[in-house]
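One structure is given here, and the rest of the page talks about it.
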Amino acid sequence: MNNLKNSEKKMDDIVRFSKEAGFVYQSSEIYGGLAGVYDFGPVGVELLKNIKDFWWRETVKKKKNYYGLDSGMFKHPKVWDSSGHTSGFSDPMAECKNCNTRIRVDKELEKIGISADEKMSEEEINILFDENKDKIKCSKCGGSDFTKAKAFNLLVKSNLGDFTSKESTPVYLPGEACQGIYLNFKNVVDSIHPKIPFGLAQINKAFRNEISPRNFLFRTREFEQADTQFFVKPNENKDAYEKIKKERWQWYLDLGISEENLKWSQHENLVFYASDAWDIEYNFPTFGYDEIEGVHDRTDYDLSQHTKFSGVDLSYNDNGEKFIPWILETSMGLGRVFLAVLSEAYDKEILEDGSERTVLRFNSEIAPVKIAILPLMKKDGLAEKADEVFNLVAGDYNSIYDDTGKIGKRYRRQDEIGTPFCVTVDYDTLEDNTVTVRERDSMKQERIKIEDLKKYFEEKN
Ligand code: ATP
């Protein structure tokens, strides 16, 4: 349905557009900006919320054996020891000796076609780095003289409580959202008694001191993750894992992502405890395929670690049979999925009169605004009539009221934020109580009675 393929779109255009149209702004822009942090504007926040609601509905509400929770962001410092984050949550970093720009070595190696990742030891990565240093260029000065790669911990430290005391232990902002689920596993089992297998889901913030935040919302220092952890009996992981993979793939198609822009990628270097790990990748404009979600088969590692570090037994008792459940995890980055949705929907079209329109072809479920109410004029009672129409639909659909500028311009504005329907109130409305409904993609217009509007939108949605 789109005119432009992703290979014909440019990420720079999307970044510029998303600011101009009210989707995303750089954090603290009036102070020069804060790298790796973004704010969602009035249109963006609606899109983000719709993506979250769609995820929650499909993942929690529509499933008998999935339950939601929402954990506090701060956690006991030992949590991050148990999860391995204080010791091992790091990326290999090197510095340009000429201009001090920091690079993430595994990603730079990947860019020149060398298979590397953050799970390799410092020594392994330095061997590859030494062999290929002359092919890697500093993004700032173009030089190739770098320091050795060393592990750079990504956890963000914070203060909580009596942080002036010397004995106080640092607390960390969460490096990943899933720990809140593991910590509440026992609470959930003891309070609502779910029958295994079952899943727990939550959307929560994560913070990472990324060495080089880049590619807009793709690699940021603060982001949200939508996670599920599915608890199964030991060794009963394989079929459930395949089912979850299929469901996650379908979710993206239902979200409006085209299959030609999605692919699976299996991890080559598994962490020692994992049984299998796949990522779903999206074909982003300009920088191409990269991860938007990880689907991981994690065995009993997480609950075993927390049992060991907390001293509290986190096994599950299934009619007298006790075991530490195995976990199948899905972890989706909301910023990355937001960017995929925006990239997918972004389109340009040449109209019959030769002018160009930018149109965002969101599916109507996630469109930030569903209906725009546009009085042709502010005078002669049209505004009052348009108010009536607004009040009629606004409770059921996210609606916008716009009475500024020529009607053609107002249609373009709504096309740009992907509003599926515009409703125009004109002089005929005052005579016969009908309005013009214009559809975004076809731009077709039809005359509908105000009293039939609710039914009309019910059928269209
Ligand atoms: P990468 O290899 O790109 O650094 P990762 O493998 O470390 O990502 P996970 O720890 O598996 O990522 O996190 C799960 C999801 O969280 C990712 O699929 C991604 O969508 C999102 N995510 C991770 N890091 C970031 C980040 N810095 N900015 C935005 N989203 C992120």
Side-chain angles (χ1 to χ4, degrees), residues 24 27 34-38 40 48 51-52 55 80 83-85 88-93 103-111 115-120 125 151-156 173-181 201-229 245 248-249 251-252 255 257 262-271 273-274 276-282 284 287-298 301-302 327-343:
V24 181
S27 162
L34 182 67
V37 187
Y38 289 91
F40 292 89
L48 183 66
I51 297 173
K52 286 189 215 177
W55 183 85
W80 304 107
S83 65
H85 281 73
F89 188 47
S90 54
D91 285 336
M93 181 192 77
I103 60 162
R104 189 169 151 187
V105 177
D106 57 328
K107 295 287 171 197
E108 294 297 329
L109 285 166
E110 267 176 26
K111 270 195 223 160
S115 168
D117 71 38
E118 76 276 11
K119 290 177 216 95
M120 289 177 158
I125 210 107
F152 178 81
N153 194 292
L154 303 181
L155 273 185
V156 178
L173 291 170
E176 58 184 18
C178 56
Q179 293 301 326
I181 296 184
Q202 83 163 341
I203 297 176
N204 218 326
K205 286 238 168 172
F207 299 81
R208 296 183 186 179
N209 228 336
E210 292 284 352
I211 295 162
S212 51
R214 70 198 148 82
N215 293 340
F216 193 35
L217 297 175
F218 183 82
R219 189 169 301 288
T220 53
R221 289 182 169 140
E222 173 181 342
F223 53 97
E224 273 185 303
Q225 290 179 318
D227 276 14
T228 63
Q229 311 289 320
K245 277 178 66 191
R248 292 310 302 143
W249 186 260
W251 186 83
Y252 285 100
L255 185 69
I257 303 283
L262 285 174
K263 73 172 187 197
W264 281 108
S265 156
Q266 189 173 21
H267 287 208
E268 282 176 23
N269 301 311
L270 283 176
V271 276
Y273 52 81
D276 203 356
W278 291 78
D279 294 333
I280 297 178
E281 297 190 346
Y282 180 72
F284 288 97
F287 59 90
Y289 279 100
D290 217 329
E291 172 183 346
I292 51 176
E293 170 162 345
V295 183
H296 305 141
D297 186 342
R298 300 176 61 86
Y301 179 75
D302 306 288
I327 288 179
L328 305 170
E329 170 186 70
T330 68
S331 184
M332 167 178 101
L334 274 156
R336 291 187 187 182
V337 172
F338 180 102
L339 187 56
V341 166
L342 199 63
S343 303

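Counting starts at 1 for both ligands and their atoms, following the listed order.
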Within-4.5 Å side-chain heavy-atom neighbours: Y289 and S265: no
Residue part near ligand 1, for Q225, under 4.0 Å between non-hydrogen atoms: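 The answer is the side chain.
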Part of E110 with heavy atoms under 4.0 Å of ligand 1, whether side chain, backbone, both or neither: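 Under 4.0 Å from ligand 1, E110 contributes no heavy atoms.
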Nearest to [atom], what protein heavy atom do you find, and at what distance?
atom	answer
atom 2 (O) of ligand 1	K107 NZ, 3.6 Å
atom 21 (C) of ligand 1	G333 CA, 3.6 Å
atom 29 (C) of ligand 1	F218 O, 3.1 Å
atom 14 (C) of ligand 1	S331 OG, 3.2 Å
atom 23 (C) of ligand 1	R208 NH1, 3.5 Å
atom 3 (O) of ligand 1	R219 NH2, 2.9 Å
atom 8 (O) of ligand 1	E291 OE1, 3.8 Å

Whether over 12 other heavy atoms sit under 6.0 Å from E268 CD: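 It does not: E268 CD has 12 such atoms or fewer within range.
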Passing option when E108 is tested against E110, K111, R104 for side chain to side chain contact (heavy atoms under 4.5 Å, CB included):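 Considering E110, K111, R104, a side chain to side chain contact (heavy atoms under 4.5 Å, CB included) with E108 is found only for K111.
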Sub-3.5 Å N/O-N/O distance, R336 and ligand 1: yes
Any N or O of D290 closer than 3.5 Å to N or O of ligand 1: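 In fact, backbone or side chain, D290 has no N or O that close.
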F223, Y282, Y38: member with heavy atom nearest to atom 25 (C) of ligand 1: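 Answer by nearest heavy atom: F223.
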Residue selection (non-hydrogen contact nearest atom 28 (N) of ligand 1) among I280, I292, V295, T220: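 Nearest heavy atom to atom 28 (N) of ligand 1 lies in T220.
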F338 ring center near F40 ring center (under 6.0 Å):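 Here the rings of F40 and F338 have centres that are less than 6.0 Å from each other.
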side-chain hydrogen bond (donor to acceptor under 3.5 Å, both in side chains) between Q179 and D302, worked out: CA-CA 9 Å; Q179 293 301 326; D302 306 288; 4.8 Å; no
Plane angle bin for F287 and F284 - parallel if under 30°, tilted between 30 and 60°, otherwise perpendicular: parallel
Parallel, tilted or perpendicular: rings of Y301 and Y273 (30°, 60°):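 Because their plane-to-plane angle is under 30°, the rings of Y273 and Y301 count as parallel.
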Those atoms of ligand 1 less than 4.0 Å from some heavy atom in [X]:
X	value
E210	26 (C), 27 (N)
E293	18 (O)
G294	18 (O)

Pairwise distance [atom1]([X]) to [atom2]([Y]) - rounded to 0.5 angstrom:
X	Y	atom1	atom2	answer
R336	F216	CZ	CZ	14.0 Å
D91	L154	CG	CG	4.5 Å
H296	L328	NE2	CG	11.5 Å
I203	M332	CD1	CE	6.5 Å

Sub-4.0 Å heavy-atom contact, R214 with ligand 1: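 It does not; every heavy atom stays at 4.0 Å or beyond.
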